[in-house]
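Throughout, numbering of the chain's residues begins at 1 and tracks the sequence.
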Amino acid sequence: MIPVQERTAPNGMVAAVDHVAAEAGLVMLRAGGTAADAAVATSAVLAVTSQHLCGMGGDLFAIVHDPGGDGTPQCLNASGRAGSGAAAVADALRDAGHTAVPFKDHIAAVTVPGCVDGWVALHARYGALPLADVLAPAIDYAANGFAPGYTARLTRAPMAALPGGDDYGGDGALVRRPAVAGALRAIASDGRDAFYAGAFGDGLMTMGDGMYSADDLATPQVEWTAALGVDALGHRLWTAPPNSQGYLALAAAWILDGLALPDDPDDPLWAHLLVEASRQAAFDRNTVLYDGADGTALLSPERLTPRRDAIDVNAAVSVGDNYRSGGTMCMSTIDKNRMGVTLIQSNASAWGSNLVEANTRIFLHNRGMGFSLDPAHPAALQPGKRPPHTLSPMMVTHHDGSLAVALGTMGGDSQPQVLLQLLVRMLVHDADPSRAVAEGRFALASPDIRGSGFDTWSHEGRVRVRIEANAPAGWAEGLADRGHIVEATPPFDHGFGHAHAVVVDGDILCGGADPRSRSGAACGY
């Protein structure tokens, strides 16, 4: 039986992976805060309770639908840039025989973390409550203790073994993170400079040993842009432009829109067409996704129509032969005025780089692993550049510009595929969000079973199709018969993302939190 958490409310809704974080966001809404206040409060609590997956040492993206705007959601890109010493670091890595940025245990994978800049920028533009009030729940949990949730309990021992992670302590006790509380208090009092030019920034400069300059940390790691949009599935779909991979979900939805999709999602053909649309959208991702890539061009009909035409309803097409060229947390918030925010933050992989800034005991991400060490590649590691990013926030509007859905998911390279499945279930098959996020999923992965979860497209379009045991019974056989490499996984597997969605249904908000997170919740009032 599928566990479904159906939540409805008239005034406001927060959906997140941790119920205490979602409740913190709801407190902000009840106090008269905006969806942005709620998103920052929720994100900050997660930065305390779930530092193995996200935190102030990572990055952040957000999509904001402002009911007072022109109908185009705004994108906040708070993904950090490589430091001024990146070129020398890249040369040293190549000289040492590296062909890729080290996945773990190396400062080269740590771009300047953008999360805190993202909080401050989102709050400054769209918040209504004092920042100190918004950060108060996170400060309280860090200083006075929190009970570790399901995923934190699973990872408590390896976290405690990391240098600087020993305050995660033993079983059966509250976790207190006083140094993190101190960093949050400084931000609440004196803003971003208290973080980047304070104890955290000092520690990062020491760890970088020339990787970063004072100017790198003084420069806000944020950029506001119009969201990237496409018409598909009877709505307007929006995501973050590159360096985010969010365009993949939009491209796959556009491709799928021109195919004869079965009425029943249990039909193996349904899964096959979504898999093929995802593959056609993404097989050249590693070549075309980089900081500064043209998202509109990546979604052009001239580019995507031949890919749609190549899909065979009876077989998996070998796109590789024609090729020419995560630890993450997400939350969705909607307030009584129908401002909507999808915010997604990440350490990249679990525990990020395995490096901890000693002064604040904040875990550092490893998002720089997305850079190339080929100096001729457009995503080459060099100063001031942002790496290709898996974070893919999503917003859906009606064609009149009104808000329809705020949604997002964790899941590394599989985020666009999870989003596509949720979009089709909700927008085509009218599933409520709680049912949509609970249904069994597929996720694409590298054919190499030793893959990291961030190398799906390293073999262009040749992939494994991983299928949860709770997915429709006929999917595995139907996909295998069409030539897909199929891998069975346990039901409600964490590797298939923790997705959350809030839908505007007339005067009612409907929220769905993913049962895969065990401790997630959709809270409304």
Item to complete: Identify the residue among V230, V288, D294 that makes a side-chain contact (heavy atoms from CB on, under 4.5 Å) with Y247.
Response: V288

Worksheet item: Between S402 and D400, do the side chains contain an N or O donor and an N or O acceptor separated by less than 3.5 Å?
Response: yes

Discussion item. Tell me whether D413 contacts the main-chain N or O of D455 through its side chain, where contact means a donor paired with an acceptor under 3.5 Å.
Written reply: yes

Worksheet entry | Euclidean distance, E223 CD relative to C75 SG, rounded to 0.5 Å | 8.0 Å

Discussion item. Would you compute the distance between atom CG of L304 and atom CG of D257 and round it to the nearest 0.5 angstrom?
Written reply: 11.5 Å

Worksheet item: Any side-chain heavy atom of R307 within less than 4.5 Å of one from R279?
Response: no

Discussion item. Looking at H123 and L129, would you say the former's side chain and the latter's main chain have a donor-acceptor pair under 3.5 Å?
Written reply: yes

Worksheet item: Which atom names give the shortest non-hydrogen contact between A35 and M339, and what distance separates them?
Response: CB-O, 3.3 Å

Discussion item. Just verifying a value: how many Å separate W254 CH2 and T305 OG1, rounded to the nearest 0.5 Å?
Written reply: 3.5 Å

Discussion item. Taking the ring of H235 and the ring of H398, is the distance between their centroids below 6.0 Å?
Written reply: yes

Practice prompt. Apply side chain to side chain contact (heavy atoms under 4.5 Å, CB included) to the pair I187 and Y196, showing each step before the final yes or no.
Written response: CA-CA 10 Å; I187 297 164; Y196 292 98; over 6 Å; no

Worksheet item: Can any side-chain N or O of Q421 pair as donor or acceptor with the backbone N or O of F442 at less than 3.5 Å?
Response: yes

Worksheet entry | Euclidean distance, R466 CZ relative to T456 OG1, rounded to 0.5 Å | 9.5 Å

Worksheet entry | Neighbour count above 12 (heavy atom, 6.0 Å) for D95 CG | yes

Fill in: Donor-acceptor contact below 3.5 Å, side chain Q415 vs main chain S392
yes

Practice prompt. Look only at the side chain of D37 and the backbone of A128, and say whether a donor-acceptor pair between them is shorter than 3.5 Å.
Written response: yes

Worksheet item: Between the side chain of T206 and the main-chain N/O of D202, is any donor-acceptor distance below 3.5 Å?
Response: yes

Practice prompt. Determine, for D66 against R125, whether the closest basic-nitrogen to carboxylate-oxygen distance falls under 4.0 angstrom.
Written response: no

Item to complete: Say whether, by atom type as modelled, one donor and one acceptor occur between the side chain of S414 and the main chain of L444 under 3.5 angstrom.
Response: no

Fill in: Side chains of D216 and R81 in contact at under 4.5 Å (non-hydrogen atoms)
no

Worksheet entry | Contact summary for T219 and R192, nearest pair of heavy atoms | O-NH2, 3.5 Å

Discussion item. Does this structure show an ion pair linking R386 with D59, if we count only N-O contacts that are shorter than 4.0 Å?
Written reply: no

Fill in: Verdict with reasoning, H365 to T111, per side chain to side chain donor-acceptor pair (under 3.5 Å)
CA-CA 8 Å; H365 66 168; T111 54; 3.2 Å; yes

Discussion item. Quick check against the 3.5 Å criterion: does H65 have a side-chain atom that pairs as donor or acceptor with the backbone of A404?
Written reply: no

Practice prompt. Rounded to the nearest 0.5 Å, what's the gap from CE on M410 to OG on S346? Could you check?
Written response: 8.0 Å

Worksheet item: How long is the gap from CD1 on I362 to CG on L355, to the nearest 0.5 Å?
Response: 13.5 Å

Worksheet item: Just checking, is any N or O donor in the side chain of N243 or S79 under 3.5 Å from an acceptor N or O on the other one?
Response: yes

Worksheet item: Going through the checks in order, is the side chain to side chain contact (heavy atoms under 4.5 Å, CB included) test met by L184 and M56?
Response: CA-CA 9 Å; L184 286 165; M56 291 183 280; 3.8 Å; yes

Item to complete: Classify the side-chain pair Q417/S278 by whether it contains a donor and acceptor separated by less than 3.5 Å.
Response: no

Discussion item. Using only atom types and a distance under 3.5 Å, with no angle test, would you say the side chain of S300 pairs donor to acceptor with the backbone of A297?
Written reply: yes

Discussion item. Treating T239 as the side-chain partner and P393 as the backbone partner, does any N or O pair qualify as donor plus acceptor under 3.5 Å?
Written reply: yes

